[in-house]
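Naming convention: chains lettered A, B, ... in sequence-line order (proteins, then strands); numbering from 1 in each chain. It should be emphasised that the depicted structure is a prediction, and the values quoted were computed from it without experimental measurement. Values below: every heavy atom of this structure, side chains too, minus hydrogens, waters and symmetry copies.
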Amino acid sequence: RKEVEQDPGPFNVPEGATVAFNCTYSNSASQSFFWYRQDCRKEPKLLMSVYSSGNEDGRFTAQLNRASQYISLLIRDSKLSDSATYLCVVNIRQAGTALIFGKGTTLSVSS
Amino acid sequence: GAVVSQHPSWVICKSGTSVKIECRSLDFQATTMFWYRQFPKQSLMLMATSNEGSKATYEQGVEKDKFLINHASLTLSTLTVTSAHPEDSSFYICSARETPKPGTSYEQYFGPGTRLTVT
């Protein structure tokens, strides 16, 4: 079983749509959780950290369910510029500080 | 935010040659740097973790004699792909983490990546 699993998509949505991405992780010792965004042929960029209480940053809402080992990202009012691959990332501190990446979910927003 | 640079951004080399990739933290000191590799449509895979002044720790399946990592200063780590082969063609990305402070969330800053093509 992969350590971090995501639905690869692609998700094709119109502008203004709300879209949700899911992610599951296998290691219950995971301590920190993130969503990164990666544009084609570019490095990943941190979108937001994910906290146990859930957190929101503008149109983006992240949630974490430790019991189910499940992370989600909700994007409201999608923009064309949101088109990218969204990477679910966890950190297992006992294993050092390396990040473990999911394969990513591709989002394509069209006008 | 913190900036990490990589050089070169892309390189084409012939099979059997060696290629060195540099990763620099420009405005902070990076105690730890990580090297990742990403094949098309795949996730980033950690290759090795390097701490300044000590030997790198390689992930299972990564040949340490083929991928030489040097982290000689707090702002520079290098990855040398020795005797490169076409199957080494990939996107190599480094990331850097500042010296840990209490309460930090282990955020890493990524370089822009180096696209290596071995012909």
Side-chain angles (χ1 to χ4, degrees), chain A residues 1-10 21 23-27 29-53 55 57 62 64 71 84-106 108, chain B residues 1-7 9-10 21 23 30-52 54 56-60 62 69 89-101 103-117:
Chain A
R1 184 183 171 189
K2 295 193 178 100
E3 293 203 62
V4 179
E5 291 206 61
Q6 295 180 249
D7 181 344
F21 304 139
C23 168
T24 56
Y25 59 95
S26 61
N27 193 323
S30 300
Q31 296 288 319
S32 304
F33 309 89
F34 310 92
W35 283 101
Y36 276 74
R37 169 192 169 131
Q38 187 175 25
D39 292 288
C40 188
R41 302 173 81 84
K42 299 283 189 183
E43 78 278 19
K45 292 188 187 294
L46 179 64
L47 180 65
M48 58 197 303
S49 300
V50 186
Y51 303 117
S52 296
S53 53
N55 49 300
D57 182 1
L64 167 65
I71 307 162
T85 297
Y86 291 82
L87 306 172
C88 178
V89 184
V90 306
N91 170 250
I92 305 170
R93 287 186 186 171
Q94 286 85 334
T97 55
L99 299 175
I100 300 172
F101 286 81
K103 238 173 148 174
T105 298
T106 300
S108 177
Chain B
V3 179
V4 175
S5 71
Q6 268 184 254
H7 177 81
S9 55
W10 60 269
I21 303 169
C23 176
T31 308
T32 305
M33 288 186 170
F34 304 90
W35 286 96
Y36 295 85
R37 180 167 56 180
Q38 186 177 35
F39 292 106
K41 299 190 187 300
Q42 300 295 315
S43 58
L44 275 77
M45 295 299 295
L46 179 68
M47 299 175 68
T49 302
S50 76
N51 292 297
E52 185 265 336
S54 61
T57 302
Y58 290 81
E59 294 299 300
Q60 195 171 15
V62 179
I69 292 172
S89 299
S90 186
F91 191 43
Y92 291 86
I93 308 176
C94 72
S95 71
R97 188 172 71 89
E98 291 183 83
T99 303
K101 302 184 187 67
T104 55
S105 63
Y106 290 85
E107 182 174 348
Q108 295 180 21
Y109 304 99
F110 284 84
T114 297
R115 196 159 298 279
L116 170 64
T117 302

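Going from atom CD of B:Gln108 over to atom CG of A:Asn91 covers 7.5 Å, rounded to the nearest 0.5 Å. Taking CD from A:Gln38 and OG from B:Ser43, the interatomic distance works out to 10.0 Å, rounded to the nearest 0.5 Å. Of the inter-residue distances, the one linking B:Lys41 atom NZ with A:Thr106 atom OG1 reads 7.0 Å to the nearest 0.5 angstrom. Taking CD of B:Gln42 as the reference point, atom CZ of A:Phe101 lies at 14.5 Å (rounded to 0.5 Å). Separating the CD atom in B:Gln38 from the CZ atom in A:Arg41 is a distance of 11.0 Å, to the nearest 0.5 Å.
With hydrogens and angles disregarded, a donor-acceptor distance shorter than 3.5 Å links the side chain of B:Tyr36 to the backbone of A:Leu99.
Within a 6.0 Å radius of CE in A:Met48, other residues, nucleotides and ligands contribute more than 12 heavy atoms.
Between B:Phe110 and A:Glu43, the shortest heavy-atom contact is CB-CG, 4.0 Å.
For the set B:Leu46, B:Ile93, B:Thr57, B:Leu44, the count of heavy-atom pairs under 4.5 angstrom toward chain A peaks at B:Leu44.
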